[in-house]
Novice: 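Before I ask anything, here is the structure I am working with.
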Number of protein chains: 2
Amino acid sequence: MESQDLRKAGLKVTLPRLKVLEILEKTEQRHMSAEDVYKSLLEMGEEIGLATVYRVLTQFEDAGLVARLSIDGGHAVFELEDGIHHDHLLCVRCNRIEEFTDDVIEERQRAIAKQKGFQMTDHALYIYGICTECQ
Amino acid sequence: MESQDLRKAGLKVTLPRLKVLEILEKTEQRHMSAEDVYKSLLEMGEEIGLATVYRVLTQFEDAGLVARLSIDGGHAVFELEDGIHHDHLLCVRCNRIEEFTDDVIEERQRAIAKQKGFQMTDHALYIYGICTECQ
DNA sequence: CTATAAATGAGAAGGGTTTTCATTTAATAT
DNA sequence: ATATTAAATGAAAACCCTTCTCATTTATAG
Ligand SMILES: [Mn+2]
Ligand SMILES: [Mn+2]
Ligand SMILES: [Zn+2]
Ligand SMILES: [Zn+2]
């Protein structure tokens, strides 16, 4: 029952929120833009406004239920937060997104931040390229 | 004479282009938004339109004279292209930008792209944090 | 000096996202 | 169940950064 997740986050249990969660759980792309979520809702026959989708996604982000990626120049994509940190490879042709984790890179980042006197709060690493399908 | 750089790039030598180059060369921040450049021009008494600033910066980027960073969600910043690849640390409080290079990370990125079958075209690595001044 | 292709400025338009505000709804207290 | 109240919603307007349009100006080649 994901109603609990919402209540835990101090959010009322509403149809838009339940449906957005449901979509994020069921999608196989895993990474969806607000527009993608909005269109999925329409396909399900749920008439939920785009503004609400943005609001809900932002609240989910604040609640730690969802992670937001800000892709180069353009729109954001959202994914269910699974607690396992990872970074992304993006295909510049088809927009496919793949995930990876690399402990060596993570460690080097910490070292660099330390060396520069920065208290690291976050980082973003995107590898752009052409995926196997698109070559 | 930076007129040569312009001609080499197939660009006419115009006052807006010379002035934008001059500003990028003289700034001590090294990383400037289009708005920053525009304001500097005004301070110099040059009435050059913001649209022209954007156009010129984009042309410089295409010509390899300037590099563009797309910072998280928001606006872009530009810097003179020095040919030496580097990544960035960004202070989330004061927006200070520092640079770093890390061969280990660069190599790991190549390995990850290869392993995932991606032809890497580019990458973006931003470390966010609180700089020494701001802690 | 002329011709011409390129560059400019001003403002409109664009795309993604956020805000506003009147209306509806979920949660809580009767 | 019902009334109360704070929160959530939808639709449209506003926003922000950036690009485009188009009439006018300018750099460059002949
Ligand atoms: Mn992911
Ligand atoms: Mn830099
Ligand atoms: Zn692809
Ligand atoms: Zn700082």
Side-chain angles (χ1 to χ4, degrees), chain A residues 1-23 31-42 44-63 65-78 90 95, chain B residues 1-23 31-39 41-42 44-63 65-78 95:
Chain A
M1 205 60 153
E2 62 267 285
S3 304
Q4 298 316 316
D5 297 327
L6 295 178
R7 275 190 252 274
K8 208 178 299 176
L11 298 169
K12 284 187 184 178
V13 178
T14 64
L15 192 139
R17 303 215 253 237
L18 288 172
K19 290 297 176 187
V20 170
L21 264 190
E22 187 182 329
I23 283 172
H31 302 90
M32 299 181 85
S33 68
E35 193 76 34
D36 291 338
V37 172
Y38 175 65
K39 283 180 186 154
S40 290
L41 286 166
L42 289 185
M44 286 172 92
E46 301 293 343
E47 303 230 327
I48 292 169
L50 181 56
T52 299
V53 172
Y54 274 107
R55 266 188 299 240
V56 167
L57 287 170
T58 303
Q59 291 156 345
F60 286 0
E61 185 189 11
D62 294 343
L65 296 173
V66 154
R68 176 194 306 249
L69 323 189
S70 306
I71 298 181
D72 211 46
H75 53 169
V77 301
F78 301 84
L90 298 93
N95 298 314
Chain B
M1 205 58 154
E2 62 268 283
S3 306
Q4 299 316 315
D5 298 327
L6 295 178
R7 277 192 249 273
K8 207 177 302 176
L11 298 169
K12 285 188 184 177
V13 178
T14 63
L15 193 139
R17 304 216 254 236
L18 289 172
K19 290 299 176 187
V20 170
L21 263 191
E22 187 182 331
I23 283 172
H31 302 88
M32 299 182 84
S33 68
E35 192 78 34
D36 291 338
V37 173
Y38 175 65
K39 283 181 187 152
L41 286 166
L42 288 185
M44 286 172 92
E46 301 293 345
E47 303 229 326
I48 292 170
L50 181 56
T52 298
V53 173
Y54 273 107
R55 266 189 299 241
V56 167
L57 288 170
T58 303
Q59 291 156 346
F60 286 179
E61 185 189 12
D62 293 342
L65 296 173
V66 153
R68 177 196 303 250
L69 322 188
S70 306
I71 299 182
D72 212 50
H75 56 166
V77 302
F78 302 84
N95 298 314

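Just so it is clear, the structure is predicted and the values come from calculations on it, not from any experiment.
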Novice: Looking at side-chain heavy atoms only, is the closest gap between L90(A) and N95(A) below 4.5 Å?
Specialist: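 Result no, sub-4.5 Å side-chain heavy-atom pair not found.
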Novice: To the nearest 0.5 Å, what is the distance between NZ (K8(A)) and CD (E2(A))?
Specialist: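 CD of E2(A) is found 12.0 Å from NZ of K8(A).
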Novice: Go through DNA chain D in 5' to 3' direction and return only the first and the last nucleotide with some atom under 4.0 Å of chain B's heavy atoms.
Specialist: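 Here the contact window of chain B covers dC17(D) to dT28(D).
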Novice: Side chains of T58(A) and R68(A): does their closest heavy-atom pair fall under 4.5 Å?
Specialist: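 A side-chain contact exists here, since the closest heavy-atom pair is under 4.5 Å.
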Novice: Would you find a donor on one side and an acceptor on the other, under 3.5 Å apart, between the side chain of D36(A) and the backbone of S33(A)?
Specialist: yes
Novice: Which residue, R17(A) or H75(B), contacts DNA chain D at a nucleotide closer to its 5' end, judged by nearest heavy atom?
Specialist: R17(A)
Novice: Using the closest heavy atom to pick a nucleotide of DNA chain C for each, name whichever of E47(B) or K12(B) lands nearer the 5' end.
Specialist: K12(B)
Novice: Classify R55(B) by what it touches in the nucleic acid, base, sugar-phosphate, or nothing, heavy-atom distance under 4.0 Å.
Specialist: base
Novice: Can you check whether Y54(A) has a side-chain N or O nearer than 4.0 Å to OP1 or OP2 of dT17(C)?
Specialist: yes
Novice: Can you tell me the distance, in whole Å, between the NZ atom of K19(A) and the P atom of dA26(C)?
Specialist: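 So the NZ-P distance, K19(A) to dA26(C), works out to 14 Å.
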Novice: Let me know, please, whether L11(B) or L50(B) comes out on the 5' side of the other along DNA chain D by nearest nucleotide.
Specialist: L50(B)
Novice: Would you say R7(A) reaches dA27(C)'s phosphate, i.e. side-chain N/O to OP1/OP2 under 4.0 Å?
Specialist: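 For R7(A), the contact criterion (side-chain N or O under 4.0 Å from OP1 or OP2 of dA27(C)) is met.
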Novice: Does E35(B) reach a base, just sugar-phosphate, or nothing at all? Heavy atoms under 4.0 Å.
Specialist: nothing
Novice: Which atoms form the tightest heavy-atom contact between I48(B) and Y38(B), and what is the distance?
Specialist: O-CE1, 3.0 Å
Novice: By nearest heavy atom, map V13(A) and A76(A) onto DNA chain C; which one lands nearer the 5' end?
Specialist: A76(A)
Novice: Whether the side chain of R17(B) engages the backbone of V56(B) through a donor-acceptor N/O pair (distance < 3.5 Å, no angle test) should be reported.
Specialist: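 Not a single qualifying donor-acceptor pair exists.
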Novice: For dA26(C), take OP1 and OP2 only and decide whether either is under 4.0 Å from a side-chain N or O of T14(A).
Specialist: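 Looking at the OP1 and OP2 atoms of dA26(C), neither is under 4.0 Å from any side-chain N or O of T14(A).
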